Amino acid sequence: MSPTDSASPAAFIAVVGATGTGKSALSLDLAESLAARDIRAEIVNADAMQLYRGMDIGTAKLPEAERRGIRHHMLDVLDVTDEATVARYQPEARAAVDAVAATGAVPILVGGSGLYVSSVLFDFKFPGTDPVVRERLEAELAAKGPGELFRRLHAADPISSASIGPSNGRRIVRALEVIELTGKPFSAGLPEQPRYWRPVTIIGLSTPRDELVPRLDARVTGMWADGLIAEVQGLLSRGIERGVTASRAIGYAQAIAQIRGDLSEADAIEQTASLTRRYARRQVSWFKRYAHTHWLDYDDPARVEAALNAANYD
């Protein structure tokens, strides 16, 4: 099934790609270009860590003053002690998309959290949870670390293990829970021939790896220079270490370790950079599976017009 009708504008636009490819900037440029056509647009966040209040520097969240007066949704909706789950995000993000569209504006979904993006784009439901199974798996994670659980997941569902990675204990636990409850791979929740929830134009931004890696490394160094440690010190008093999701976010976990004296600054920065590069590789693999994506070079000067043409807003 194609996500859009070839003759009419899409119900909404999705901007996807790896971290550091300029998704936020493109979304703002698209909104401004639509405004020049007397079409209002609003942005819906699909970055899991940008859901958190106070997690700004380490998530590259656009400050309000840099949002060019364009309304944003699904930012700063969770406390750092809350658990971010895609099952919770999906109905709230879809409601935001529908609410924007109901006003006559164009929703622009923007983010690099693959499963969160997919939960809005594709018509599928998430399996339930079982507190007994979850508690047992989490106890095993706490006792043994993620390595053994990851090996088990890889044997049962190599597609999910490749997208989740070996260090994301929380998502490994969730995947194993779903496998145990349903008897099916966690990745089965994303059908091979997906049905789209609403007509959508998917715009993907790509960057050659030899250009992306230095951009990511500079971004991580810039996080420390811009005050990540001070930001995390403030979040400690708000309970970030009790947050099973927020405390494990790339950059934040390393900053906490630095503050606690478990990592030097140099080691914290290097570990964050390494994890960010690995995460970007997983993002690229994830979004390459989107069959109907219009891929654009991150630095193509004509990318805005190309995106609008793809969405039939020419």
Side-chain angles (χ1 to χ4, degrees), residues 4 9-53 55-77 89 92-94 96-114 116-117 120-121 198 200-207 211-212 215-216 218-219 222-223 226 280 283 287 290 293-314:
T4 57
F12 70 107
I13 299 170
V15 179
V16 305
T19 187
T21 53
K23 297 183 297 295
S24 295
L26 177 61
S27 69
L28 294 174
D29 291 342
L30 287 174
E32 288 190 330
S33 293
L34 285 167
R37 293 165 165 80
D38 295 321
I39 302 171
R40 191 164 49 82
E42 298 181 10
I43 292 169
V44 179
N45 167 55
D47 182 303
M49 293 304 108
Q50 290 191 9
L51 298 171
Y52 285 104
R53 284 182 283 272
M55 292 177 63
D56 302 329
I57 295 171
T59 66
K61 186 187 298 173
L62 281 175
E64 189 166 354
E66 296 178 18
R67 296 175 193 170
R68 307 184 198 174
I70 298 163
R71 189 175 181 189
H72 283 61
H73 303 264
M74 300 303 294
L75 290 175
D76 302 324
V77 295
Y89 170 82
E92 295 179 0
R94 287 183 169 184
V97 168
D98 279 345
V100 172
T103 68
V106 178
I108 303 176
L109 183 75
V110 184
S113 298
Y116 282 66
V117 174
V120 178
L121 297 186
R198 295 280 190 274
V200 60
T201 295
I202 306 171
I203 304 299
L205 285 175
S206 63
T207 304
E211 295 180 40
L212 181 60
R215 284 167 63 90
L216 295 177
R219 186 175 191 170
M223 285 160 45
D226 291 341
Q283 289 175 300
F287 292 121
Y290 288 4
T293 303
H294 300 269
W295 286 102
L296 305 174
D297 292 337
Y298 81 105
D299 59 352
D300 182 351
R303 62 189 179 280
V304 175
E305 289 304 314
L308 292 178
N309 289 342
N312 296 318
Y313 286 105
D314 47 11

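All figures in this text were calculated on a predicted structure; none of them were measured in a lab.
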> Does some side-chain heavy atom of E92 sit less than 4.5 Å from a side-chain heavy atom of H73?
no

> Would a 4.5 Å heavy-atom cut-off, applied to side chains only, mark T207 and L205 as touching?
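No - every pair of side-chain heavy atoms lies 4.5 Å or more apart.
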
> Identify, with sequence neighbours excluded, every residue that meets side chain to side chain donor-acceptor pair (under 3.5 Å) alongside R71.
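Not a single residue meets the side chain to side chain donor-acceptor pair (under 3.5 Å) criterion with R71.
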
> Taking only residues at least two apart or on different chains, which pairs with a member in residues 299-311 satisfy side chain to side chain donor-acceptor pair (under 3.5 Å)?
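Every pair satisfying side chain to side chain donor-acceptor pair (under 3.5 Å) with a residue in residues 299-311: R37-E305.
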
> For S206 and W295, work out which heavy atoms get closest and say how close.
CB-CE3, 4.1 Å

> For V120 and A93, work out which heavy atoms get closest and say how close.
CG2-CB, 3.7 Å

> As an exercise, state the distance from CG of L51 to CG of L75, rounded to the nearest 0.5 Å.
8.0 Å

> Does D29 form a side chain to side chain contact (heavy atoms under 4.5 Å, CB included) with R68? I'd like the steps, not just the answer.
CA-CA 10 Å; D29 291 342; R68 307 184 198 174; 2.7 Å; yes

> Find the distance between CD1 (I70) and NE2 (H72) and round it off to the nearest 0.5 Å.
6.5 Å

> Just wondering, do V304 and E32 contact through their side chains at under 4.5 Å, heavy atoms?
no

> Could you tell me whether the side chain of L109 reaches within less than 4.5 Å of the side chain of L121, counting heavy atoms only?
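They are in side-chain contact.
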
> Would you please test T103 and R40 for side chain to side chain contact (heavy atoms under 4.5 Å, CB included) and show each step?
CA-CA 9 Å; T103 68; R40 191 164 49 82; 3.0 Å; yes

> Between D76 and E64, does a side chain to side chain contact (heavy atoms under 4.5 Å, CB included) hold up when you go through it step by step?
CA-CA 11 Å; D76 302 324; E64 189 166 354; over 6 Å; no

> Looking at Q283 and G17, what are the two nearest heavy atoms and their distance?
NE2-O, 3.9 Å

> Could you tell me which non-hydrogen atom of A48 sits nearest to which non-hydrogen atom of S113, and how far apart they are?
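Scanning both residues completely, I find the closest heavy atoms to be N-OG, 2.9 Å.
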
> Roughly how far, to the nearest 0.5 Å, is the CD1 atom of I57 from the CE atom of M223?
8.5 Å

> Set out, in order, the CA-CA distance, both residues' side-chain angles and the distance that settles salt bridge (charged side-chain N to carboxylate O under 4.0 Å, His left out) for D47 and K61, then state yes or no.
CA-CA 9 Å; D47 182 303; K61 186 187 298 173; over 6 Å; no

> Is there side-chain contact between E42 and V44, with at least one heavy-atom pair below 4.5 Å?
no

> When rounded to the nearest 0.5 angstrom, what is the spacing between CD1 in I108 and CD1 in I13?
5.0 Å

> Where do V110 and S24 come nearest, in terms of heavy atoms and distance?
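The answer is CG1-N, 4.3 Å.
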
> Does a side-chain heavy-atom distance below 4.5 Å link V97 with M74?
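Not touching, per the 4.5 Å side-chain cut-off.
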
> Got Y313 and V106 here, is their nearest side-chain heavy-atom distance under 4.5 Å?
yes

> Pair F12, V100 - check side chain to side chain contact (heavy atoms under 4.5 Å, CB included), show working.
CA-CA 10 Å; F12 70 107; V100 172; over 6 Å; no

> Please examine the side chains of N45 and Y116, heavy atoms only from C-beta on, and report whether any two atoms are closer than 4.5 Å.
no

> Taking all atoms of both residues into account, what is the closest heavy-atom pair of L308 and S33, and its distance?
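Closest heavy-atom pair between L308 and S33: CD1-CB, 3.6 Å.
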
> Nearest 0.5 angstrom please: T21 OG1 to E211 CD, how far?
12.0 Å

> Under the salt bridge (Lys or Arg N to Asp or Glu O under 4.0 Å) rule, collect the residues that match up with D297, sequence neighbours excluded.
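For D297 there are no salt bridge (Lys or Arg N to Asp or Glu O under 4.0 Å) partners, ignoring immediate neighbours.
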
